[in-house]
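All heavy atoms count here, side chains included; hydrogens, waters and symmetry mates do not. What you are looking at is a predicted structure, and each value in this text was computed from that prediction instead of being measured.
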Amino acid sequence: MASLWIVVAAAVLVLGCASSGATARPLVGAASAAAKQPLQTSRPYNIAHRGSNGELPEETAVAYMRAIDEGADFIESDIVATKDGHLVCFHDMTLDDTTDVADHKEFAARRRTLEVQWANVTGYFITDFTLAELKTLRMKQRWSFRDKSHDGISPIITFDEFINIALNAKRVVGIYPEMKSPVFINQHVKWADGKKYEDKFIATLKKYGYGGKYMTKRWTEKPVFIQSFAPTSLIYAADLTDSPKVFLIDDVTVRTEDTDQSYEEITSDEYLDYMREYVVGIGPWKDTVVPPTRDNKLATPTDMVAMAHARGLQVHPYTYRNENRFLHYNFRQDPYAEYDYWLNSVGVDGLFTDFPASLRLYQDWTAAKN
């Protein structure tokens with residue numbers, strides 16, 4: 001029955017979107033924002049990382065629909081571009097790990113090696129495929145230890161389709177799209193009108209009425225956080241929209257793709273003072289906030305959260321995964337203990353989680369106790 005539900009849900013979503021690559025029409029029957037239950041803003045945000053991807057293949061319509069059903073405040077996606085300039089929801093620059101592309105012999109010659117963020121990567125690059133070609137592929141679960149029974153069913157979805165999932169929810173659900181690898185995409189995808197990837201990204205949001213500064217009436221009706229690891233893309237986007245932006249932070253030793261500086265350099269007091277003019281928050285990898293020890297325990301937290309909060313910036317760390325292999329020993333194999341630590345001891349303002357149902361249940365449980 002679960003697989004049948006996935007097929008039906010995916011079919012409803014893509015109704016009217018031909019395999020030729022036409023952009024999906026908005027779904028019919030969405031209630032107005034005024035008639036919907038508003039976004040909750042009284043507690044840290046539950047951000048469904050690539051949807052409910054602990055249960056279903058990431059970045060698929062069904063993963064996002066499941067996340068909404070499970071109580072996510074925001075659904076999060078990585079937005080990349082196809083060879084013919086369409087924006088789609090996909091995390092990697094290559095298709096290998098989360099699609100069945102290797103089973104499609106007609107694409108065998110597409111495999112090649114390119115540089116992605118300072119490293120050579122070999123695979124089937126999404127920028128070498130048209131939207132129509134991508135729509136012939138099916139998504140699969142990234143992790144071998146997670147449920148694989150939904151593999152081979154769901155297609156890649158477009159940015160438009162992702163937005164329509166949120167807009168057609170029965171309550172107000174925010175979106176949290178990432179401008180993914182903008183340097184790589186601008187190198188390999190060219191638009192006839194001379195626009196850049198960032199222009200197309202923001203134009204898509206504007207087409208659906210997204211805009212407004214954080215917590216304004218306009219924003220609360222259609223909540224959005226625009227995220228990126230590339231600070232220059234966030235600064236560029238600030239001239240295009242007043243929607244709130246979040247600066248993502250990787251391991252402090254990693255170089256940013258666009259500045260040739262390490263994340264340690266660009267999370268200094270001076271740089272955060274600069275970036276606060278363009279962003280409302282930071283999204284650090286959780287191990288940069290509280291580094292683990294070699295024996296999988298928590299070390300002393302850094303001052304990153306305090307630095308951000310002192311500047312009025314929110315902190316939304318990533319990624320919280322419930323499986324024991326991802327939990328530090330301090331949490332005694334209890335994901336609720338991890339949530340409690342980050343929300344109440346570290347004091348963050350939102351969490352990216354692969355299991356939005358678990359976080360929602362924890363927040364409801366703790367709210368009932370208070």
Take Ser358 and Tyr339 through the test side chain to side chain donor-acceptor pair (under 3.5 Å) and record every step on the way to the result. CA-CA 10 Å; Ser358 173; Tyr339 293 147; 3.3 Å; yes
As a quick check of understanding, evaluate side chain to side chain contact (heavy atoms under 4.5 Å, CB included) for Ile185 and Val80, giving each step before the final call. CA-CA 7 Å; Ile185 292 174; Val80 297; 3.9 Å; yes
Passes side chain to side chain donor-acceptor pair (under 3.5 Å), Asp340 versus Tyr362? Steps please. CA-CA 9 Å; Asp340 180 70; Tyr362 167 80; 3.3 Å; yes
Given the rule in the side chain to side chain donor-acceptor pair (under 3.5 Å) test, do Tyr197 and Ser233 qualify, once you have shown the distances and angles that lead to the verdict? CA-CA 10 Å; Tyr197 161 71; Ser233 289; over 6 Å; no
Set out, in order, the CA-CA distance, both residues' side-chain angles and the distance that settles salt bridge (Lys or Arg N to Asp or Glu O under 4.0 Å) for Asp193 and Lys200, then state yes or no. CA-CA 10 Å; Asp193 60 5; Lys200 297 297 182 179; 2.7 Å; yes
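Under the 6.0 Å cut-off for aromatic ring centres, Trp342 and Tyr320 qualify, their centroids lying closer than that. Ring centers of Phe326 and Trp143: under 6.0 Å apart, within the cut-off.
Considering all non-hydrogen atoms of both residues, Ile68 and Ile75 come closest at CG1-CG2, 4.0 Å. Of all heavy-atom pairs spanning Phe229 and Tyr263, the tightest one is O-OH, 3.0 Å. Between Gly51 and Pro356, the closest heavy-atom pair is O-CD, 4.4 Å. For the residue pair Glu59 and Cys89, the shortest heavy atom distance occurs at OE1-CB, 3.7 Å. What you find for Gly212 and Trp219 is that their closest heavy atoms are O-CD1, 3.8 Å. Smallest separation of non-hydrogen atoms from Val172 and Pro223: CG1-CD, 3.5 Å.
The closest donor-acceptor contact from the side chain of Lys245 to the backbone of Ser243 lies under 3.5 Å. The backbone N or O of Arg360 sits nowhere less than 3.5 Å from a side-chain atom of Gln363 that would complete a donor-acceptor pair. Judged purely by atom type and a 3.5 angstrom limit, Gln141 uses its side chain to pair as donor or acceptor with the backbone of Asn53.
With a 4.5 Å cut-off on side-chain heavy atoms, Thr41 and Met215 count as touching. With a 4.5 Å cut-off on side-chain heavy atoms, Val224 and Ile226 count as touching. Considering only heavy atoms from C-beta on, Thr82 stays 4.5 Å or farther from Thr127 through its side chain. No side-chain heavy atom of Thr353 sits less than 4.5 Å from a side-chain heavy atom of Ile47. Using a 4.5 Å heavy-atom cutoff, the side chains of Leu39 and Thr220 are not in contact. In this structure, Asp242 and Lys213 have side chains that are in contact, with non-hydrogen atoms separated by less than 4.5 Å. The side-chain heavy atoms of Val116 and Phe125, taken from C-beta on, include a pair separated by under 4.5 Å. Tyr208 is listed as a side-chain neighbour of Asp160, based on a closest heavy-atom distance under 4.5 Å.
Of the charged side-chain nitrogens involved, at least one lies within less than 4.0 Å of a carboxylate oxygen, so that Asp151 and Lys148 count as a salt-bridged pair. Ionic pairing of Lys135 and Glu161 is present here: one or more N-O contacts between side-chain nitrogen and carboxylate oxygen are shorter than 4.0 angstrom.
Applying the 6.0 Å contact sphere to CD of Gln333 captures no more than 12 heavy atoms from other residues, nucleotides or ligands. A 6.0 Å sphere centred on CD of Glu115 holds more than 12 heavy atoms belonging to other residues, nucleotides or ligands.
For the side-chain contact (heavy atoms from CB on, under 4.5 Å) with Leu234, the lone residue among Val246, Val279, Leu248 that qualifies is Val279.
Note on residues 305-331: pairs passing salt bridge (charged side-chain N to carboxylate O under 4.0 Å, His left out), not counting sequence neighbours, are Arg146-Glu323, Asp269-Arg311, Asp273-Arg311, Arg321-Asp354. Judged as a salt bridge (charged side-chain N to carboxylate O under 4.0 Å, His left out), the pairs with a partner in residues 118-128 (not counting sequence neighbours) are, in order, Arg112-Asp128.
Residues meeting the side-chain contact (heavy atoms from CB on, under 4.5 Å) test with His104, sequence neighbours left out: Asp100, Glu106, Phe107, Thr136, Leu137. Listed by chain and number, the residues in a ring pair (Phe, Tyr, Trp, His ring centres under 6.0 Å) with Tyr278 are Tyr274 (sequence neighbours excluded). When the ring pair (Phe, Tyr, Trp, His ring centres under 6.0 Å) test is applied to Trp365, the partners found at least two apart in sequence or on another chain are Tyr336. Partners of Asp260 under the salt bridge (charged side-chain N to carboxylate O under 4.0 Å, His left out) rule, at least two apart in sequence or in another chain, are Arg255. Qualifying salt bridge (charged side-chain N to carboxylate O under 4.0 Å, His left out) partners for Arg111, counting only residues two or more places apart in sequence or in other chains: Asp96. Checked against side-chain contact (heavy atoms from CB on, under 4.5 Å), Tyr329 has the following partners two or more places apart in sequence or in another chain: Asn296, Lys297. The ring pair (Phe, Tyr, Trp, His ring centres under 6.0 Å) search around Phe355 returns none, not counting sequence neighbours. Considering only residues two or more places apart in sequence or on other chains, Lys217 meets the salt bridge (charged side-chain N to carboxylate O under 4.0 Å, His left out) condition with Glu221.
If you check the side chains of Asp258 and Thr232, you find a donor sitting under 3.5 Å from an acceptor. Side-chain contact annotation: Gln261 with Thr256, donor-acceptor N/O pair under 3.5 Å absent. Residues Gln40 and Asp73 bring a donor and an acceptor atom of their side chains to less than 3.5 Å of each other. No donor-acceptor contact under 3.5 angstrom links the side chains of Thr94 and Asp92, judged on distance only. Between the side chains of Asp199 and Tyr236, a donor-acceptor pair is found at a separation under 3.5 Å. Side-chain atoms of Tyr318 and Glu76 form no donor-acceptor pair, as typed in the model, at a separation below 3.5 Å.
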For residues 282-291, please give each side-chain donor-acceptor pair under 3.5 Å, one per line with the distance, not counting sequence neighbours.
from	atom 1	to	atom 2	distance (Å)
Lys286	NZ	Thr319	O	3.4
Lys286	NZ	Glu338	OE2	2.8
Thr288	OG1	Trp285	O	2.6

Please list every donor-acceptor pair under 3.5 Å in which a side-chain atom of residues 175-183 meets a protein atom from a residue at least two apart or in another chain.
from	atom 1	to	atom 2	distance (Å)
Tyr176	OH	His316	ND1	2.7
Lys180	NZ	His91	NE2	3.2
Ser181	OG	Gln117	NE2	2.8

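Relative ring orientation between Phe201 and Phe159 is described as tilted, the plane-to-plane angle lying within the 30° to 60° band. Ring geometry for Phe74 versus Tyr45: interplanar angle over 60°, hence perpendicular rather than tilted (30 to 60°).
For the atom pair Thr60 OG1 and His150 NE2, the distance stands at 9.5 Å (nearest 0.5 Å). Taking OG1 of Thr204 as the reference point, atom NZ of Lys206 lies at 11.5 Å (rounded to 0.5 Å).
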